[in-house]
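Note sheet for the following structure.
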Amino acid sequence: MRILFLHNNFPAQFGGLGQCLAREGWDVRFVTQREGVSIPGINVVTYKPHRDVEAKTHPYSVNFERAVLNGQAVARIAGELKAKGFSPDVVVAHSGWGPGLFVKDIWPQTKLVGYFEWFYRADAPDVEFLDDESRSMDNQLRARARNAAILMDLAHSDLGICPTEFQKEQFPDIFHSKLHVIHDGIDTEYYCPRPGSRLKLPDLDLTHVDELITYVARGMEPYRGFPEFMRALEIVLKERPNAHAVIVGEDRVAYGKKLRDGESYKQKALAECDLDLDRVHFTGLLPRSQYLQVLQTSSVHVYLTIPFVLSWSVLEALSTGCNVVASNVAPVQEINQKVSGAMALVDPKDTAAIANGISEALEKNAETSGFNSAGRKMIEREFSAASIYDKKMRILEALIISG
């Protein structure tokens, strides 16, 4: 079997599956914008749009023009591969950024699987959660136009994949029969508990700490509850003088709006919160091995999010056996209902409730020796990458065989 993955980033959601298929004898190719990357078993090709979006482009059309430029660049790469004799049996393309827009024009008989993360709406759960007032007409129209490339992918994909039921529910009902809910999978052999371990990173030695609060996100922003976490942390650190916090992520906004004055949410939180900075440790982004150490030594892991795309980090924390305090919102509820007691859910807008949840989890940690067996077992049963990759492989094989 021959498969081609399309994603602006690498390896993103497709790397683990690609390696699994390569081990099964598949010819695996990956077209991406990221340069200088490689994974054993996967042939990586990079692409770059020939120009940027024009400054005069209508604001509603910016995302679509960018998607078309990406799709055009990928189509040229695909044409070169075709000329060299490579025609994939199936293409798996991340939707929204445009790399898969013109796949069927190059390889009409190839099966196309779209990976669909989010559908934009003016009344989407994330928008309603953050905005106290209704959005302007301009923002409503912009949100609808943002789906143009996604709708093109939905129209010509042979099959679609969504990671969670919550994410699938954001798409129009007319497309639900095409969308299959299959998570990306968690490497449970790698993200495993290590009871009794203490945290020691190259620039951070916390081997003396008994109460370690951890927080992980790509950026520091309201979408992932960073402001609320910092206010809750202020309360907890004053109540528990031996507690420390480790915050993993960059001082940037990955999702949502930036502050107008150019200030970062980290700067704002440090200015507004009375924190003992000797006990608050910002690590920046970490290599995978050091990130694992943070999870394995966590007394309580805090995952705050608005109703939006579910982060891998909360599932990796559960797989590692962390006691987790998380937002009581739909995407987290979907996971928590799979097993009673996997996480402690709190109102992500209630700072006092978050602080109380963290303190209760720290007490529970002392009683359970820091191991959340219910969460670990649930991840092994429901989200193990090994079983999910096998399921996806069988789906892809059936799609190809169906003609």
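Owing to the predicted nature of the structure, the values given are computational and were not obtained by experimental measurement.
For the 3.5 Å distance criterion, the side chains of Glu316 and Ser319 fail to qualify, holding no donor opposite an acceptor. Between the side chains of Thr188 and Glu380, no donor N or O sits under 3.5 Å from an acceptor N or O. Between the side chains of Asn9 and Gln33, no donor-acceptor pair is found at a separation under 3.5 Å. There is no side-chain donor-acceptor pair under 3.5 Å between Asn63 and Tyr120. For the residue pair Asp205 and Thr207, a side-chain donor N or O sits within less than 3.5 Å of a side-chain acceptor on the partner. Thr305 and Arg224 form a side-chain donor-acceptor contact under 3.5 Å, judged by distance and modelled atom types alone.
For Gln19, the side chain to side chain donor-acceptor pair (under 3.5 Å) test picks out no residue, with sequence neighbours left out. Take Tyr389 and apply the side chain to side chain contact (heavy atoms under 4.5 Å, CB included) test, not counting sequence neighbours, and it matches Leu17, Cys20, Ala385. Under the rule for a ring-ring contact (aromatic ring centres under 6.0 Å, His included), the partners of Trp97 that lie at least two apart in sequence or sit in another chain are His7, His94. Scanning for ring-ring contact (aromatic ring centres under 6.0 Å, His included) contacts around Tyr303 gives an empty result, with sequence neighbours left out. The side chain to side chain contact (heavy atoms under 4.5 Å, CB included) check on Ser95 picks up Phe116, Ile150, Asp153, with sequence neighbours excluded. Partners of Arg2 by salt bridge (Lys or Arg N to Asp or Glu O under 4.0 Å), not counting sequence neighbours, listed by chain and number: Asp89. Looking at residues two or more places apart in sequence or on another chain, you find a ring-ring contact (aromatic ring centres under 6.0 Å, His included) between Phe119 and Phe171. Cys273 meets the side chain to side chain contact (heavy atoms under 4.5 Å, CB included) test with Met230, Arg231, Glu234, Leu275; sequence neighbours excluded.
Counting only residues at least two apart or on different chains, the salt bridge (Lys or Arg N to Asp or Glu O under 4.0 Å) pairs with a member in residues 274-296 are Asp187-Arg288, Lys238-Asp274, Asp276-Arg279. Contacts classified as salt bridge (Lys or Arg N to Asp or Glu O under 4.0 Å) and involving residues 158-178 (residues at least two apart or in different chains) are given here: Lys104-Asp158.
Within a 6.0 Å radius of CZ in Arg144, other residues, nucleotides and ligands contribute 12 heavy atoms or fewer. In this structure, Glu54 places its CD atom where more than 12 heavy-atom neighbours from other residues, nucleotides or ligands lie under 6.0 Å away. Residue-environment remark: NZ (Lys338) exceeds the threshold of 12 foreign heavy atoms within 6.0 Å.
Leu21 is not listed as a side-chain neighbour of Met1, based on a closest heavy-atom distance of 4.5 Å or more. Side-chain contact between Phe229 and Ile247 is present, with at least one heavy-atom pair separated by less than 4.5 Å.
Interatomic distance, CG of Leu315 versus CD of Glu382, reported as 11.0 Å (0.5 Å rounding).
Cation-pi geometry between Lys266 and Phe282 is satisfied (NZ or CZ under 6.0 Å from the ring centre, within 45° of the ring normal). Judged by the 6.0 Å distance and 45° axis criteria, Lys258 is not positioned over the aromatic ring of Tyr265.
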Side chains of residues 71-80: which donor-acceptor partners sit under 3.5 Å, not counting sequence neighbours?
from, atom 1, to, atom 2, distance (Å)
Gln72, OE1, His50, ND1, 3.2

Let me check something: any side-chain donor-acceptor pairs from residues 249-257 under 3.5 Å, sequence neighbours excluded? List them with distances.
from, atom 1, to, atom 2, distance (Å)
Glu250, OE1, Arg252, NE, 2.7
Asp251, OD1, Ser264, OG, 3.0
Asp251, OD2, Ser264, OG, 3.1
Tyr255, OH, Arg218, NH2, 2.9

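The shortest heavy-atom contact between Val302 and Tyr215 is O-CD1, 3.7 Å. Of all the heavy atoms in Gln293 and Thr297, the pair that sits closest is O-OG1, 2.8 Å.
A salt bridge does not link Lys364 to Glu360: none of the charged side-chain nitrogens sits closer than 4.0 Å to a carboxylate oxygen. We find that Asp27 and Arg29 are joined by a salt bridge, their nearest charged nitrogen and carboxylate oxygen being less than 4.0 Å apart.
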Inset, instruction - Could you go through the salt bridge (charged side-chain N to carboxylate O under 4.0 Å, His left out) check for Arg121 and Asp123 one step at a time? - result: CA-CA 5 Å; Arg121 304 196 318 262; Asp123 62 345; 2.9 Å; yes

